[in-house]
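Worth saying up front: this structure is predicted, and the values here are computed from it rather than measured. Every heavy atom of this structure was used, including side-chain atoms; hydrogens, water molecules and symmetry mates were not.
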Amino acid sequence: MATDDGPLLTRSFEDARAAIGAGRAGIGPIVPARAAASSWARARLARMLTAEGTQQDPGDRVILAEETGTLLVLAAGVRPDDTPPADVAALNDAAAATAWMLETLHAISITNSVRDAASVLQLHHSTMQERAARADRLLGWNVLSQRGKQRTQLALVLRRILAAARA
């Protein structure tokens, strides 16, 4: 497992969660000892996909490499000197303009409806609708459409990967 403090070996996911406390971790697959290096590499890439779990960096603090699919390929291809894509730059600008933007976009992108997203953040659904409309204006795309949710999720993930690559 790749953690904030470096590598950590545990026997189970529950042990891993307990060991990292409030930190972040990418967990590689369980493999025979001879394949430990490949598990470690996948754990490090998964760690790039983690978030702090805060308003300014919402998302999962612990990511299992086996559950990420092609996102590991994406993480492996990002370099520290890469220029952020336009959607990531728009996301950063929107986040700078509005403190609640990132947590709102995260909630919208992981739920099926405005009401569900509002429930995640313990807001009234009309407040979430207003936030979504503001996000649409700032980002330049419809964050409630299926394609808009995908675009938002990818921008949030790339934002995390770029930050991790530069750390």
Considering non-hydrogen atoms only, spot the tightest contact between [X] and [Y] and give its length.
X	Y	value
P84	A89	CB-N, 4.5 Å
I27	A46	N-CB, 4.3 Å
D116	S113	N-OG, 3.0 Å
S109	H106	OG-O, 3.0 Å
T111	K149	O-NZ, 2.5 Å
P85	L158	CG-CD1, 4.0 Å

Partner set under side-chain hydrogen bond (donor to acceptor under 3.5 Å, both in side chains) for [X], not counting sequence neighbours:
X	answer
R131	T104
D93	none
T70	none

Side chains of [X] and [Y] in contact at under 4.5 Å (non-hydrogen atoms):
X	Y	result
L45	L71	no
L74	L154	yes
R137	R134	yes

For T54, which residues count as a side chain to side chain contact (heavy atoms under 4.5 Å, CB included) partner, sequence neighbours excluded?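 For T54, the residues satisfying side chain to side chain contact (heavy atoms under 4.5 Å, CB included) (neighbours in sequence not counted) are E52, Q56, D57.
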
Using a 4.5 Å cut-off between side-chain heavy atoms of Ile, Leu, Val, Met, Phe, Trp and Tyr, which other residues end up in the same hydrophobic cluster as L91?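 Its cluster partners, ordered by chain and number, are W100, M101, L102, L105, I108, V114, V120, L121, L123, M128, L138, L139, W141, V143, L144, L156.
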
Look up atom CZ in R24 and atom CG in D60, then write down how far apart they are to the nearest 0.5 Å.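 Rounded to the nearest 0.5 Å, the CZ-CG separation comes to 11.0 Å.
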
Rounded to the nearest 0.5 Å, what separation is found between the OG atom of S119 and the NE2 atom of H125?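 Here the interatomic distance stands at 11.5 Å.
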
Check: T152 side chain, G148 main-chain N or O, donor-acceptor pair, under 3.5 Å: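 Yes; at least one donor-acceptor contact below 3.5 Å.
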
Ignoring hydrogens and geometry, is there a side-chain-to-backbone donor-acceptor pair from S39 to I30 under 3.5 Å?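 It does not hold such a pair.
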
Which atom pairs, one a donor and one an acceptor, fall under 3.5 Å between side chains of residues 160-167 and the rest of the protein, sequence neighbours left out?
residue: R160; atom: NH2; partner: P58; partner atom: O; Å: 2.6
residue: R166; atom: NE; partner: P80; partner atom: O; Å: 2.8
residue: R166; atom: NH2; partner: D82; partner atom: O; Å: 2.4

